[in-house]
Amino acid sequence: MSDACLIAEVAVAAPLKKTLSYLVPPELAVAARIGVRLRVPLGRRRAVGFLLELSRGSGEGLKAIAEVLDDEPLFPPALIPLFRRAAGYYLHPLGQVIATALPAGLSGRGSAPPILRETLYAPTEDESEPPGRRQRQILDCIRQAKEVSLTELRSRFDAPHAPLKRLLELGLISARQQERLRDPFLSWPLQPETPPEPAPAQLRVLEQLRPLLEQGGFRSALLHGVTGSGKTEVYLRAIETVLERGRQALVLVPEIALTPQLVGRFRNRFTGRAKISVLHSGLSDGERYDAWRNVARGEADIVIGARSAIFAPMPEPGLIIVDEEHETSYKQSEGFRYNARDLALLRGQQQGVPVLLGSATPALPSYRRALDGEALLLHLPGRAAGQPLPEVELIDMTATPFRTLLSDPLAGALEANLQRGEQSLVLLNRRGFAPYLLCADCGQDFRCPNCEISLTYHRGRLLLRCHYCDYQLPPPESCPRCGGSQLDPEGAGTERLELELKERFPEARLARMDRDTTTARGAHRRFMERMLAGEIDILVGTQMIAKGHDFPGVTLVGVVNADATLNFPDFRAGERTFALLSQVAGRAGRGTLPGRVLIQTYAPEHYALQHAASHDYAGFYRQELALRRELGYPPYGFLANLVLSGNDPQRVERAARELAGRLLPLPPGAELLGPVPCLLAKLRGKARMQILLKAAQRPALRRALDRFEQLSRPVPNGVALAVDVDPVDMF
DNA sequence: AGCACGCCGACT
DNA sequence: GTCGGCGTGCTC
Ligand SMILES: [Zn+2]
Ligand SMILES: [Zn+2]
């Protein structure tokens with residue numbers, strides 16, 4: 001046995017079950033370090049792989065690495081066990097796990113992003129006023145800020161170009177070019193702060209956390225506190241402790257909450273003392289790569305990011321925080337279907353790092369872990385400022401005429417709030433004008449040819465759009481079936497709600513916030529600023545207004561249709577509804593005013609609504625846990641969903657039947673449900689079937705999955721198979 | 001996943 | 001007789 005050759009263990013970014021060994025040619029021996037990307041021969045192709053391990057051996061029968069693609073490692077060796085465990089847990093090929101974990105855009109060579117230039121505007125000595133209103137607004141903004149970037153102006157004003165040109169011509173402002181700030185998150189103005197004195201409840205929680213933070217080692221804690229209870233202050237102080245020990249902190253927040261304001265709170269607290277890196281989707285590929293390498297070099301003390309930041313390559317993390325840990329956006333819904341919250345716990349375990357989960361409405365598995373003593377349960381009762389909780393009322397819609405969008409009590413409350421000059425939020429968890437467009441004569445509807453579900457009518461853009469793929473078409477003039485000329489929108493989305501409010505309260509200043517109005521860069525912030533400035537009386541929106549945005553002036557919250565989430569055919573419907581209502585309720589109240597929440601529903605007796613209305617968290621969890629236990633659902637049961645898809649529905653169907661047949665009989669303790677068509681039986685043109693594996697204990701599910709993994713070719717050609725372990729939805 | 005190999009039906 | 005369907009195996 002010769003040890004003459006250097007051998008590399010490589011995870012190839014292809015769906016292979018095992019890693020492969022390659023010869024490291026002498027000329028690449030220095031460059032081939034653990035954690036770099038490689039180009040390797042694979043069959044008669046070439047593929048990208050990740051170097052996981054180096055060893056010595058004879059090298060017999062091995063092919064040689066063709067190229068080393070990075071001059072420094074993209075991840076530390078300490079992350080490799082996490083990748084391996086994650087690949088095993090989620091039944092996903094290791095190479096693809098790593099490819100998903102690393103920042104996007106690494107397919108090419110690691111090159112520096114182009115330097116971007118940016119125009120900055122400053123006021124001149126000329127203090128006269130320009131003629132136009134828009135010109136004055138923009139000039140005021142520039143005069144106030146002394147110097148403002150074009151990006152900034154674009155985010156505050158629509159189409160600022162023409163007024164700016166005019167102002168330049170008038171000599172009221174000057175312009176200069178500068179290298180653009182790489183990261184939009186860093187352009188939020190800094191306001192260094194003196195940390196507030198923690199409230200007694202916060203001190204108590206911090207005291208309980210102290211041993212975890214100071215001793216290090218894996219422990220987990222669940223911080224349960226309503227919106228405004230001061231969880232962030234606890235995070236900031238916990239991070240402080242960790243930084244003092246020379247370790248780094250990793251903070252995960254849901255994508256929707258990863259805003260400049262949030263990052264600003266961290267920057268304000270730690271400015272000059274700690275370096276903060278933000279990993280977010282708004283960065284260009286080059287910028288993200290830069291940020292990533294900074295973290296890998298240990299140049300970031302605090303890393304803030306959404307889901308994929310769980311893989312941030314910090315050398316010595318001392319704390320992992322997962323804020324709003326119940327959020328389903330932590331679960332990746334395609335490809336490598338990991339849950340960042342669960343991987344946070346796994347990473348903490350592997351690297352001996354405490355993990356702090358925070359939520360106003362913890363996910364049931366997290367709550368159970370805390371009740372079972374696996375995680376330390378910490379409470380922040382009430383709101384930090386001693387504000388009372390809002391008064392929540394359920395409005396029984398069965399008593400109102402069919403199709404009523406706004407009940408009298410809600411309309412009245414909105415009216416009264418308008419009179420008082422106070423702000424209101426109205427939530428309707430459905431965008432567009434109406435979910436259906438129907439022919440008045442023959443009842444014909446319009447469906448997506450790719451997904452076979454109803455197209456949503458968008459009145460603003462005058463389109464029928466599929467919310468599951470990118471299909472859209474302009475609404476026809478007449479019915480394609482009977483030629484009838486009357487096509488009626490049926491049901492209501494945020495656009496229709498906005499219209500109805502406009503008709504009812506013509507004097508009110510309305511705005512609508514949903515995915516259709518927030519795609520532009522800086523749009524979230526613009527809504528935020530308009531709300532803060534009191535320029536909006538009623539803000540209409542989807543769950544977006546309940547999550548990630550704190551509108552401090554709101555005293556009334558209306559929920560148009562609480563049943564929309566409640567009637568979802570998913571065992572988590574109750575939990576989701578409770579969480580959404582609790583969160584949106586948390587938006588009501590200002591100063592010492594408690595705020596009011598009105599929830600319209602056809603099922604006012606439902607326990608999720610009842611508990612949400614009485615702020616009875618313990619009661620809800622008690623009841624929901626009992627229900628889950630009875631039905632064998634998480635956290636008292638464990639699920640994995642096998643989703644088969646393909647162009648030919650019959651093939652998919654047959655493949656699903658055959659797969660189920662080959663899986664049976666399952667090991668004891670596990671059961672197989674299905675195969676059945678997925679809820680979306682067709683999606684993006686592909687037919688879909690699912691097989692659900694269920695077990696009362698995790699090991700039994702694991703054995704069932706082992707059995708599945710041993711199948712040589714689970715599905716035939718032309719059928720794709722995705723495995724979803726711990727699914728959060730069953731589409 | 002790709003891309004080979006290999007074995008049977010129905011087409012120039 | 002072959003062209004091509006697709007089930008099966010392999011990738012260091
Ligand atoms: Zn018709
Ligand atoms: Zn579609």
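Chain A is the first sequence line, chain B the second, and so forth, proteins listed ahead of strands; every chain is numbered from 1.
- P93(A) comes within 4.0 angstrom of no nucleic acid atom, judged by non-hydrogen atoms across all strands.
- When rounded to the nearest whole Å, the span between CZ of R44(A) and C1' of dG2(B) equals 11 Å.
- If you take CD of E9(A) and C1' of dT11(C), they are 16 Å apart, rounded to a whole angstrom.
- Across the protein-nucleic acid pair, R45(A) atom CZ and dC10(C) atom P stand 16 Å apart, rounded to whole Å.
- Between the CG atom of L20(A) and the P atom of dA1(B) there is a distance of 16 Å, rounded to whole Å.
- Here the side chain of P716(A) is nearest to one of dT11(C), dG7(C), dC12(C), namely dG7(C).
- Atom CD of E27(A) sits in a crowded spot, with more than 12 heavy atoms from other residues, nucleotides or ligands closer than 6.0 Å.
- The pair K331(A)-D726(A) fails the salt-bridge criterion, with no side-chain N (NZ, NE, NH1 or NH2) lying under 4.0 Å from an Asp/Glu carboxylate O.
- Within the 4.0 angstrom heavy-atom criterion, only backbone atoms of the sugar-phosphate kind lie near R651(A); the bases stay farther away.
- Side-chain proximity of N717(A) to the nucleotides dA1(B), dC12(C), dG7(C) is greatest for dG7(C).
- In the interface, the side chain of R713(A) is not paired with the base of dG7(C) through any donor and acceptor atom under 3.5 Å apart.
- Between L42(A) atom CG and dT11(C) atom P there is a gap of 9 Å when expressed in whole angstrom units.
- Residue E53(A) contributes atom CD, which lies 20 Å from atom P of dC12(C) at whole-angstrom precision.
- Between H467(A) and H458(A), the two ring planes are perpendicular [angle over 60°; tilted spans 30° to 60°].
- Atom CD of Q650(A) and atom P of dC6(C) are 13 Å apart (whole Å).
- The distance between atom CZ of R662(A) and atom P of dG7(C), rounded to the nearest whole Å, is 12 Å.
- A cation-pi arrangement is present between K694(A) and Y633(A), with the terminal nitrogen or guanidinium carbon under 6.0 Å from the aromatic centre and inside a 45° cone about the axis.
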